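Written below as structure tokens is the structure these notes are about.
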Amino acid sequence: MHRSALALLAAGLVLPALTAAAQDKKEASKKLYCWNEDGQRKGADSLPPEAMAAAREEISVSSGMRTGEVQRALTDEERAEQAAAEAQRRSEALAQETRRRTEQALLTSFQSEDELRRVFAERVTLVDNSIQTARYNVTSLREGLVTLLRTAGERELGGKPIPDKLAGDIRIRHAQLLYHTTLQASFERQRAELDVEIEQILQRYRELKSGDLPGTHTAAIDLPPAPKQ
């Protein structure tokens, strides 16, 4: 009986302590969310659906210190720009790697022009795909800008003011169009330079092979054609 009483007493002391500790841990884990909406700073202990894509800060309720930060979700246009920039980076990296490999090999290690051509195949395909993607983006952005400008023109003709949002969308779409137009021109310039680079290296390769094997003639290869302008 004595031992039972002690056990009950211990349970009565421990359980409230555990409950209090769990409550303290729960309170410590609570946080506030702060974000900007329509130029105003807002905060809440739970994130509303309309703020899910917004940039926000997370603040601990117990300490008042910032514990985290979440960047806003990217728009479709921004994701497209990221993809285009990554394609350009990969293209430039491949160009540098190809030049390094070509210099190391000194061309004489290739047994045929077909082997040499395969060194450039990935670069050709990547640049061609980048050109096609850039052209699609330019066409899409131009059509969207024309639609926005038409809407603004109709409002002006009707004596109605142009909303700030519409004017802002026009500025953004115009900037995006200029960016992707420049990007397209860059890819097309890379493609033209790549054609020249390939032809120069092939010519040098033929000269080297001709010196090794006098009197032989190496047939020209069919390089992938440049995209139609």
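The structure presented is a predicted model; accordingly, all values stated were derived computationally and were not measured. Values below: all heavy atoms of this structure, side chains included; hydrogens, waters and symmetry mates excluded.
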Hey, what else clusters with Leu126 if you join Ile, Leu, Val, Met, Phe, Trp, Tyr whenever side-chain heavy atoms sit under 4.5 Å? Leu94
Passes salt bridge (charged side-chain N to carboxylate O under 4.0 Å, His left out), Glu188 versus Arg135? Steps please. CA-CA 10 Å; Glu188 290 173 344; Arg135 288 177 178 172; 2.9 Å; yes
Sidechain N-carboxylate O distance under 4.0 Å for Arg191, Asp195: yes
May I ask you to decide if Thr182's main-chain N or O and Ser186's side chain share a donor-acceptor pair within less than 3.5 Å? no
Which Ile, Leu, Val, Met, Phe, Trp or Tyr residues join Ile170 in one cluster when any pair of side-chain heavy atoms under 4.5 Å counts as a link? Val138, Leu141, Leu145, Leu148, Leu149, Ile162, Leu166, Leu177
Do the side chain of Tyr136 and the main chain of Ile131 share a donor and acceptor less than 3.5 angstrom apart? no
Distance col, row Arg142:CZ vs His174:NE2, nearest 0.5 angstrom, shows 10.5 Å
Output for pair (Glu154 CD, Arg150 CZ), nearest 0.5 Å, gives 7.0 Å
Over all atoms of both residues, closest heavy-atom pair of Phe187 and Ala134: CD1-CB, 4.2 Å
Side chains of Phe120 and Ile201, heavy atoms from C-beta outward: is any pair under 4.5 Å? yes
Is it true that atom CD of Glu58 has more than 12 heavy atoms of other residues, nucleotides or ligands lying nearer than 6.0 Å? yes
Hey, could you give me the OG1/CD distance between Thr151 and Glu156, rounded to the nearest 0.5 Å? 11.5 Å
Glu113 and Arg204 ion-paired at < 4.0 Å: no
Distance-only polar pair, side chains of Gln88 and Ser130, donor-acceptor under 3.5 Å: no
Between Glu143 and Thr139, is there a side-chain heavy-atom distance shorter than 4.5 Å? yes
Applying salt bridge (charged side-chain N to carboxylate O under 4.0 Å, His left out) to Glu199 and Arg206, what does each step give before you reach the verdict? CA-CA 10 Å; Glu199 182 55 36; Arg206 292 168 188 147; 3.6 Å; yes
Should Asp114 and Arg117 count as side-chain neighbours, where that means a heavy-atom distance under 4.5 Å? yes
Sequence neighbours excluded, the answer for side-chain contact (heavy atoms from CB on, under 4.5 Å) partners of Glu86 is Arg89, Arg90
Going by heavy atoms in the side chains, are Tyr179 and Gln176 under 4.5 Å from each other? no
So Thr181 and Gln184, side-chain contact (heavy atoms from CB on, under 4.5 Å) or not? Walk me through it. CA-CA 5 Å; Thr181 300; Gln184 176 186 334; 5.6 Å; no
Go through the steps for Ile198 and Val124 under the test side-chain contact (heavy atoms from CB on, under 4.5 Å), then give the verdict. CA-CA 10 Å; Ile198 293 173; Val124 170; 3.9 Å; yes
Can you list the steps and then say if Ser91 with Arg123 is a side-chain contact (heavy atoms from CB on, under 4.5 Å)? CA-CA 7 Å; Ser91 177; Arg123 282 178 62 190; over 6 Å; no
Under a 4.0 Å N-O cut-off, is there an ion pair linking Asp169 with Arg173? no
